[in-house]
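All remarks here apply to the structure that follows.
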Amino acid sequence: MAYRKAYPSKLEFDLRDTTLYVHSSGSSGSSGSSGSSGKTHDNPPDLWGIKYLFDKGISNTLVKICVDGTISETMALRMYFLKHLFPNIEFHDADGDRYIAVAEEIRRNVGTTYITYPSDHPLDNRGTKKTLESRIEKELADKLPKYISDFPDGAKVIRQFPANVFENTISEESRITDKLWIDMVSVNMTQELSPIELKVGRYIPLDLFAQGLNYGIYCHLFNQYIKQNWFSSYCSTMQDKVTIYYVGEEFHPALTGRDGEKGIVSLIRKNELFNIVFVRISVDKNSQSITGSEFIFDIRKQ
């Protein structure tokens, strides 16, 4: 059975030839002055725009997506880096492509004007709640090489790593990006910084895919800094590429497809900045433990 092609009610789409205009009627995904607490992975107009074009069958040629509304710093960075994953899609905004200048300003001044937490910020020994997802997160972190063969024995894993970017000083008032916590951060066997997004209990949707991209972009911006301060004894070389792992029981058909239909991951191309990997896990709800895992998408296999 083909899955139903539905879109968020807060997004409006206007396709004109090979240009798609996406308007957000709500605050999610388009709110974003500095320090905004809005989450720009909720109903992300950039990713849903890709999905809309994919469903219309016109994503294999050069197309444009114009996103209306205010672009937050988090979404500006994501739109800026999406060109590496989806090279046939150009992104524009309604403000003369100001998002490009914003993203380049941040990227150019990471470590000076734009900073993240210092090396003495406490990140280890995060607690485990009684929820199923929290228990599975702990098991995955404790036995990461068992379930994802990319990681070496003894791999260091930091849970709930805060992925925040600040302007000049570390304070809530100076935070410029969404407030995000990466479920897990580690370094794989090829010395690539590896954020891991975990979802237990239901499928990983398009919105969560956007969140994982935000994590990967943060790790790209602060790659060497994070490695030097939290993984220095585990890294013999400094690789620039970041590998983003999505781990879950199921993945939404919008991402992976179903019954012969493809999902948008079929559009993702190899690039010099990011690897994308999907790992499906089996979970025993009674014992609250992982019973198996398998790779279902790996951009490195293309």
Side-chain angles (χ1 to χ4, degrees), residues 18 41 44 46-55 57-65 75-91 100 103-104 107 144 148-152 155 163 182 184-197 204-206 208-224 226-227 235 237-248 251-258 260-280 293-302:
T18 57
H41 55 268
D46 45 354
L47 269 297
W48 277 107
I50 294 175
K51 176 63 170 61
Y52 188 90
L53 289 173
F54 182 74
D55 290 342
I58 59 172
S59 52
N60 290 324
T61 58
L62 184 61
V63 291
K64 299 178 181 179
I65 296 178
M75 194 164 74
L77 286 166
R78 191 171 66 236
M79 288 169 57
Y80 181 81
F81 283 104
L82 277 176
K83 63 185 178 183
H84 294 277
L85 296 172
F86 302 93
N88 288 334
I89 299 176
E90 291 183 4
F91 283 96
I100 296 176
E104 290 181 344
R107 190 181 192 187
L144 188 59
I148 306 180
S149 57
D150 287 353
F151 294 91
I182 307 174
M184 285 164 274
V185 174
S186 187
V187 176
N188 64 18
M189 284 193 286
T190 52
Q191 302 288 292
E192 295 158 349
L193 194 60
S194 303
I196 303 170
E197 169 70 5
I204 290 182
L206 192 63
L208 215 59
F209 180 63
Q211 181 168 299
L213 293 179
N214 295 338
Y215 296 160
I217 290 165
Y218 169 85
C219 287
H220 166 73
L221 293 174
F222 293 96
N223 193 321
Q224 306 305 327
I226 294 172
K227 284 183 177 179
C235 296
T237 59
M238 290 291 185
Q239 301 295 329
D240 291 330
K241 182 170 280 192
V242 171
T243 298
I244 309 169
Y245 293 86
Y246 295 85
V247 182
F251 293 79
H252 195 281
L255 289 172
T256 57
R258 186 173 66 193
E261 292 193 43
K262 295 182 178 180
I264 69 167
V265 294
S266 64
L267 300 178
I268 295 177
R269 295 292 175 261
K270 282 186 177 181
N271 62 93
E272 69 275 15
L273 297 184
F274 304 106
N275 290 321
I276 305 293
V277 179
F278 287 2
V279 180
R280 179 187 288 131
S293 63
E294 62 174 331
F295 287 71
I296 65 168
F297 175 77
D298 190 341
I299 193 176
R300 299 168 298 185
K301 303 295 184 181
Q302 291 185 348

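Sequential numbering from 1 along the given sequence is applied to the chain's residues.
Looking at R300 and D150, a side-chain N of the basic residue comes within less than 4.0 Å of a carboxylate O on the acidic one, giving a salt bridge.
No side-chain donor-acceptor contact under 3.5 Å links Q239 and N223. In this model, no donor atom of one side chain and acceptor atom of the other lie less than 3.5 Å apart for N275 and Y245.
Under a 3.5 Å cut-off, the side chain of K241 and the backbone N or O of L193 do not form any donor-acceptor pair. A distance-only check finds a donor-acceptor pair linking the side chain of N271 to the backbone of R269 [under 3.5 Å].
Atom OH of Y246 and atom OG1 of T256 lie 13.0 Å apart (nearest 0.5 Å). Rounded to the nearest 0.5 angstrom, I264 CD1 and H252 NE2 are separated by 11.0 Å. If you take CG on L77 and CD on E104, they are separated by 11.0 Å, rounding to the nearest 0.5 Å.
Each of H220, Q224, E192, E272 was compared with D240 under the side chain to side chain contact (heavy atoms under 4.5 Å, CB included) criterion, and only Q224 meets it.
Scanning for side chain to side chain donor-acceptor pair (under 3.5 Å) contacts around S194 gives an empty result, with sequence neighbours left out. Residues passing the side-chain contact (heavy atoms from CB on, under 4.5 Å) test with P152 are A155, M189, sequence neighbours excluded. Residues meeting the side chain to side chain donor-acceptor pair (under 3.5 Å) test with Q302, sequence neighbours left out: none.
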